[in-house]
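Worksheet: the structure to be examined is printed underneath.
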Amino acid sequence: MKVVVVVLGKLDKLVKEFVYRTSKKRQLPDADAREAGGKIFTFGSYRLGVHGAGADIDTLCVVPRHVAREDFFSDMHDSLNSLNEVTELTSVTDAYVPVIKMKFQDIPIDLVFAKLNVPKVPDDLELRENLLLKNLDETCIRSLNGSRVTDEILRLVPSIPAFRTSLRCIKLWAHRRAIYSNVMGFFGGVAWAMLVARICQLYPNAIAGAIVSRFFRIMYQWNWPQPVLLKPIEDGPLQVRVWNPKIYHGDRYHLMPIITPAYPSMCATHNVTQSTKKIIEEEFKRAAEIADKVMIGTGKWSDLFSKHDFFSRYRHYLQIITSSDSATRQLKWSGMVESRIRHLISKLEGVDNLYLAHPFVKGFDKVHHCATEQEANDVSHGIYNLKPISEKSGTDSSKSGNENGSNTIYTTTFYIGLLVEPRAVGSTTAHRQLNLSWPISEFTKLVKSWDKFDERYMNITVKNVKCTQLPQEVFEEGEQRPTKLKRTKPGGKAKSNTTTTEQPIKKRKTDKVTDKVDTATDQPNKKRKTDKVIDKDDMTTTEQKRKSDKVEINGSNLESN
Ligand code: ATP
Ligand code: MG
């Protein structure tokens with residue numbers, strides 16, 4: 001912890017020097033330049049006192065009005081760049097909240113920027129006052145917002161120690177259950193913090209254990225889309241949008257609104273889709289049941305934290321493989337694709353016969369050293385299961401080939417679990433179709449319309465794989481990949497497939513799922529062969545297959561290169 005304090009002290013000093021230099025550049029008298037100040041604030045989980053080892057430290061650089069955002073991304077960036085203790089420095093200027101990312105003495109830091117409409121920024125400056133936001137541009141308001149929200153949460157909880165302990169517990173649970181990710185349509189750090197803060201407000205004298213069990217019970221029963229609010233939504237002095245479903249049509253579509261407490265209030269969970277809502281609710285239910293058992297002495301807390309079973313839960317998955325020729329390019333390309341996956345989820349939700357499209361919270365990075373152009377081409381189309389693969393490395397071999405003349409390809413693969421609607425009772429339809437062509441082609445079109453997309457270096461392939469075809473990389477060491485298809489009921493828990501008694505052969509036959517590659521796609525022949533991986537437990541005769549309840553997944557092997 002101490003090293004973080006030292007690093008934050010150094011960063012604060014660098015900000016003050018940067019403000020001084022810029023003030024001089026703007027011809028301010030030396031005394032005014034010295035008084036111009038500049039200050040670092042922390043926010044996010046570090047400020048809340050709940051950040052884990054290795055987590056990013058969110059920081060905000062506040063400067064007076066004569067210092068511009070451009071100065072920050074040039075002068076401040078350069079001064080950080082000149083330091084040996086700063087590594088992996090990158091500026092993301094086109095983000096919703098522009099940021100400088102770096103490691104300072106190996107501590108990951110996000111640094112955002114806001115200039116206030118004041119001539120100087122003294123050390124005792126606070127950001128609570130709404131009038132401070134007057135005449136600021138929207139980017140500065142957004143950048144200040146993170147800090148204002150975190151501070152407001154801390155002001156609104158009755159007991160900070162109880163809040164911290166219970167939030168740590170809930171964050172660990174959400175990570176273990178793979179429902180911690182704002183970008184993928186689940187909840188991010190600030191949403192979890194606000195939910196826990198709300199329960200703390202409801203039970204001001206409760207200790208952390210009681211808060212955690214009440215958290216699950218209340219959240220399971222929450223009447224969404226009723227919003228979670230820590231205080232009434234405030235009006236303020238600016239012409240900026242404040243969350244209000246009565247006025248803004250878009251706000252009515254927020255399925256699980258959790259509203260930030262600082263003016264201008266916004267919905268921290270606007271990414272939630274119908275699918276992710278179902279998954280979160282199912283997790284609340286599971287946790288509430290465990291917590292109830294703990295309360296009556298028949299269960300144990302550790303059950304809460306058992307690892308998710310995402311990769312053995314579904315029979316079918318969509319695999320979204322992004323690839324490029326350099327680590328730097330791949331970071332940006334895969335980040336862009338990741339930020340759009342929830343759009344694909346929303347489109348999949350409209351597909352007939354599909355009950356659930358469940359995105360996994362993170363992508364899997366790989367570096368492939370390929371001996372030939374053909375191999376490199378295969379890898380960028382997601383054909384690499386049989387090749388030796390190295391773990392992701394931090395080094396950037398962006399050259400087109402290395403000394404052996406081989407090609408290095410970087411891939412990041414995302415997964416979406418697919419759950420098919422159960423057949424209607426009494427239905428006699430033998431075939432059911434899952435036509436994913438349209439959502440997938442719309443999605444690839446969308447990501448390729450990115451202004452930095454360059455088809456010479458980047459690629460995206462979307463294909464469907466069965467659970468038995470999942471690559472080893474998605475399983476942890478010692479974890480068993482599924483060898484048999486699991487039965488999962490919509491809205492229910494997947495049954496274990498470890499014993500054959502739970503999967504009578506007869507039953508499995510009637511649930512047989514066959515993949516049909518859509519021949520209308522621009523699929524190279526070679527790839528189609530690779531897709532024909534046959535499940536060991538899927539060896540039924542053609543005759544048997546014809547009789548079974550088939551689900552044809554069409555269009556999911558669309559790809560582009
Ligand atoms: P973690 O431990 O995961 O880093 P965190 O609380 O620091 O959790 P971040 O995702 O790092 O959360 O976000 C940092 C801050 O940025 C939040 O505290 C919040 O103020 C702001 N922020 C991030 N995402 C959102 C969002 N979806 N809506 C509103 N504010 C957000
Ligand atoms: Mg953070």
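Just so you know, ligand 1 is whichever comes first in the structure, and atom 1 is the first atom listed for that ligand. We're numbering straight along the sequence, starting at 1.
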Centre of Phe364's six-membered ring, under 6.0 Å away, within 45 degrees of the axis: is that where NZ or CZ of Lys366 sits?
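Verdict for Phe364: no cation-pi partner in Lys366.
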Could you check [atom] against the protein and tell me its nearest heavy-atom contact, residue, atom and distance included?
{"atom": "atom 10 (O) of ligand 1", "answer": "Gly189 N, 4.5 Å"}
{"atom": "atom 18 (O) of ligand 1", "answer": "Gly44 CA, 3.4 Å"}
{"atom": "atom 3 (O) of ligand 1", "answer": "Tyr180 OH, 2.6 Å"}
{"atom": "atom 31 (C) of ligand 1", "answer": "Val190 CG1, 3.8 Å"}
{"atom": "atom 21 (C) of ligand 1", "answer": "Gly146 CA, 4.2 Å"}
{"atom": "atom 5 (P) of ligand 1", "answer": "Ser45 N, 3.5 Å"}
{"atom": "atom 9 (P) of ligand 1", "answer": "Asp58 OD2, 4.3 Å"}
{"atom": "atom 16 (O) of ligand 1", "answer": "Phe43 CE1, 3.7 Å"}

Under the rule for ring pair (Phe, Tyr, Trp, His ring centres under 6.0 Å), what residues qualify as partners of Phe305, not counting sequence neighbours?
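Testing Phe305 for ring pair (Phe, Tyr, Trp, His ring centres under 6.0 Å), a comparison that skips the adjacent residues, returns none.
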Residues which pass ring pair (Phe, Tyr, Trp, His ring centres under 6.0 Å) with Phe163, listed by chain and number, not counting sequence neighbours
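Phe163 satisfies ring pair (Phe, Tyr, Trp, His ring centres under 6.0 Å) with no residue once adjacent residues are dropped.
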Residues, nucleotides or ligands: over 12 heavy atoms within 6.0 Å of Lys362 NZ
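Atom NZ in Lys362 is packed in, count exceeds 12.
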Can you name the N/O/S atom of Asp58 that is nearest the Mg ion (ligand 2)?
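In Asp58, the heteroatom (N, O or S) nearest the Mg ion (ligand 2) is OD2.
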Give the numbers and elements of all ligand 1 atoms closer than 4.0 Å to a heavy atom of [X].
{"X": "Asn182", "result": "27 (N)"}
{"X": "Lys171", "result": "1 (P), 2 (O), 8 (O)"}
{"X": "Thr150", "result": "18 (O)"}

Answer yes or no: is there an ion pair linking Arg21 with Asp75, defined by an N-O contact shorter than 4.0 Å?
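A salt bridge is present here (some side-chain N lies under 4.0 Å from a carboxylate O).
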Lys/Arg-Asp/Glu bridge criterion (N-O < 4.0 Å) met for Lys39, Asp123:
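Salt bridge between Lys39 and Asp123, a charged N being under 4.0 Å from a carboxylate O: no.
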Looking only at side chains, do Gln330 and Thr412 share a donor and an acceptor under 3.5 Å apart?
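The criterion, which ignores hydrogens and geometry beyond distance, is satisfied for Thr412 and Gln330.
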Check each of Ala191, Ala174, Ala268 against atom 28 (N) of ligand 1 and report the one with the nearest heavy atom.
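It is Ala268 whose heavy atom sits nearest to atom 28 (N) of ligand 1.
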Using 30° and 60° as the class boundaries, would you call the ring planes of Phe360 and His308 parallel, tilted or perpendicular?
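Judged by the thresholds at 30° and 60°, the geometry between Phe360 and His308 is tilted.
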Name the residue from His343, Glu349, Lys278, Lys347 that meets the side-chain hydrogen bond (donor to acceptor under 3.5 Å, both in side chains) definition with Thr273.
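With Thr273 as partner, side-chain hydrogen bond (donor to acceptor under 3.5 Å, both in side chains) holds for just one option, Glu349.
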